[in-house]
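The block underneath contains the structure these notes are about, expressed in structure tokens.
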Amino acid sequence: MTYTTGPRIKEMYITPIAIVDPPLLNAAGLHAPYALRTVVELVTEDGISGISEIPGNKDIDIALEASRALLIGKDVFQLNQIRHVLEGHFGTETAAQRGEAPWDQRKLVHIFSAVEVACMDIIGKITERPVVDLLGGKMRDHVPFSAYLFYKFEGAGGELGFNVDPNATGWAAARQASALNPAEIVAQAKAMCKEFGFQSIKLKGGAFEPRQEVDAIIALREAFGPDVPLRLDPNALWTVETAIKYGKEMEPILEYLEDPVRGQANMALVRKALKTPLATNMCTTSFDDIPNSIAVGSEDIILSDHHFWGGLRSSMTLAGICETFGRGLSMHSNSHLGISLAAMVHLGAALPSMKYVLDTHYPWQSDEIIVGGRLKFEEGSVAVPQGSGLGVELDREALAKLHQNYLACGLTKRDDEIEMQKVVPGWKFQSVRW
Ligand code: GKR
Ligand code: MG
């Protein structure tokens, strides 16, 4: 395609949305009936549109609004300049600003990610190439993901809240069932693997005391056998002593143990004591963290996330660093829709190696904002979307409906502690619990 006035950004649309999310439990508490996302659309002077999706948070939306004036008129190909200008305006953020929750709370990385992915979608459309080609090209056609199990209360989320739809069948029924003990976790795993074809399983821990979560891992091993890799993620709630004790017990059956303890120093102690590899999306979460990660040896695998590492090209830089220093690389996720999934798939397809299949929350979501509806999984994998750019287009009707959900639900940021307190009065987040 030829353009007459240059691929310059003319419009930026920022749309917060709320998507149905079931009552999933984690170290920080309980998921609200809706998870928040923000959809960003950039439009060039030639009317070419590029889209992206990031975790929703009112403060980040306000910061995005503040970046609009800096972005209008910029050439979408000049991503280095765009980043420089945004950094100049917002200043730099330290790794410490990530916060103690399982998810990242920095603003700048989210803004970079939103802007870069939308620009790359546009660049792909102009050059008639998929985003994966802009990242150096495809290493695989299908990107494999892991089942992502959660302890949960009975309920479907959204307007149904804790109620259930009695007519639901298959995965829709399992998705709303409770999972509060090893047997229910195994039932959830069977339903999810049957529906999506996953061949690896991750259990989100940190919800119950370690004995129960380790028993669930043992039950999964008995149900699925030794060929299905298993992972457990207590989101840093364990002490070093607890992690070593239960880590040793699970040594024969875990593919990796994710963030058993808080901080690089503690992770390094656990790593020295165990044969099982350690993975993280909590202790090494930014480029600033890399030197100390290498110095102390805090983990074997870094769980990248383009929303938290500042975009797709930064994630490729991280892949290079991991290769150099012998770290494995996989991908972290949060509740998300198809624009994020498409970006994850393009990135996953470009990664030089894929020893550890990627995380995704996608099975827990039922809404969608892309034309054609929800992306399909076959044998646990998603095919790289066809077409230029991200290969997915915004369903504007769905976007409007999900924006209405946002306005109606009254949520402005994720706060799992407050949600948990609605069920267990007085419940408090503890950064280390067991
Ligand atoms: O969705 O509750 C959740 C997870 O706990 C998520 O927020 C984490 O960031 O998936 C994540 C993880 O691997 O730590
Ligand atoms: Mg994690």
Side-chain angles (χ1 to χ4, degrees), residues 19-37 54-57 98-106 109-110 113 145-153 157 175 179 188 192 200-208 213 230-238 243 254-264 267 270 277-286 289 298-309 328-337 340-341 344 356-365 411 413-420 429 431 433:
I19 61 177
V20 169
D21 205 24
L24 308 179
L25 292 156
N26 69 33
L30 177 67
H31 284 212
Y34 292 94
L36 305 184
R37 304 293 287 173
I54 56 169
N57 175 307
R98 180 197 174 280
E100 286 198 319
W103 59 93
D104 200 306
Q105 293 165 66
R106 288 172 299 158
V109 285
H110 287 87
S113 168
F145 289 87
S146 168
Y148 197 155
L149 312 181
F150 275 85
Y151 284 101
K152 70 180 290 286
F153 296 133
R175 209 176 131 263
Q188 183 187 94
M192 192 186 270
S200 297
I201 298 176
K202 163 171 170 170
L203 172 61
K204 168 58 58 185
F208 291 106
E213 298 188 349
L230 300 175
R231 307 152 175 192
L232 175 64
D233 177 9
N235 276 126
L237 280 210
W238 292 358
L254 274 193
E255 179 188 34
Y256 63 67
L257 181 56
E258 183 174 329
D259 287 311
V261 291
R262 195 166 289 275
Q264 290 180 325
M267 286 282 281
V270 175
L278 297 193
T280 190
N281 64 278
M282 295 186 75
C283 78
T284 303
T285 59
S286 77
D289 291 327
S298 43
E299 72 281 318
D300 301 276
I301 302 147
I302 296 179
L303 302 171
S304 143
D305 182 325
H306 72 273
H307 310 91
F308 297 161
W309 282 84
L329 181 79
S330 187
M331 213 182 274
H332 160 267
S333 89
N334 267 303
S335 310
H336 65 93
L337 293 182
S340 280
L341 182 59
M344 289 157 78
Y356 303 102
V357 306
L358 315 181
D359 284 2
T360 178
H361 283 54
Y362 199 65
W364 292 106
Q365 273 72 66
L411 298 167
K413 65 172 187 177
R414 179 173 173 184
D415 190 335
D416 292 10
E417 183 181 59
I418 285 185
E419 295 305 319
M420 190 67 153
F429 168 70
S431 60
R433 195 180 281 275

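We count ligands from 1, going down the list as the structure has it; atoms in each ligand are counted the same way. What you see is a predicted model; the values in this text were computed from it and never measured.
Atom CG of L254 sits about 10.0 Å away from atom CG of L278, to the nearest 0.5 Å.
Contacts of ligand 1 (protein heavy-atom distance under 4.0 Å) are N26, H31, P102, W103, Y148, F150, K202, K204, D233, N235, E258, N281, H332, S333, N334, H361, R414.
Taking 4.5 Å as the limit, every side-chain heavy atom of R175 sits out of range of all side-chain heavy atoms of P363. Side-chain contact between S304 and H332 is absent, with no heavy-atom pair separated by less than 4.5 Å. Counting only heavy atoms from C-beta outward, the side chains of L341 and H336 approach each other to under 4.5 Å.
Among protein atoms, those of element N, O or S found less than 2.8 Å away from the Mg ion (ligand 2) are D233 OD2, E258 OE2, N281 OD1.
A donor and an acceptor atom, one from each side chain of D359 and S146, are nowhere located under 3.5 Å apart. Using a 3.5 Å distance cut-off with no hydrogens or angles, the side chains of T285 and R106 do not pair a donor with an acceptor.
Ring geometry for H31 against H361 counts as parallel: the plane angle stays under 30°, on a 0 to 90° scale with 60° as the upper cut.
Sorted by first then second residue, the salt bridge (charged side-chain N to carboxylate O under 4.0 Å, His left out) pairs that include residues 22-36, not counting sequence neighbours, number zero.
For N57, the side chain to side chain contact (heavy atoms under 4.5 Å, CB included) test picks out D59, I60, K413, with sequence neighbours left out.
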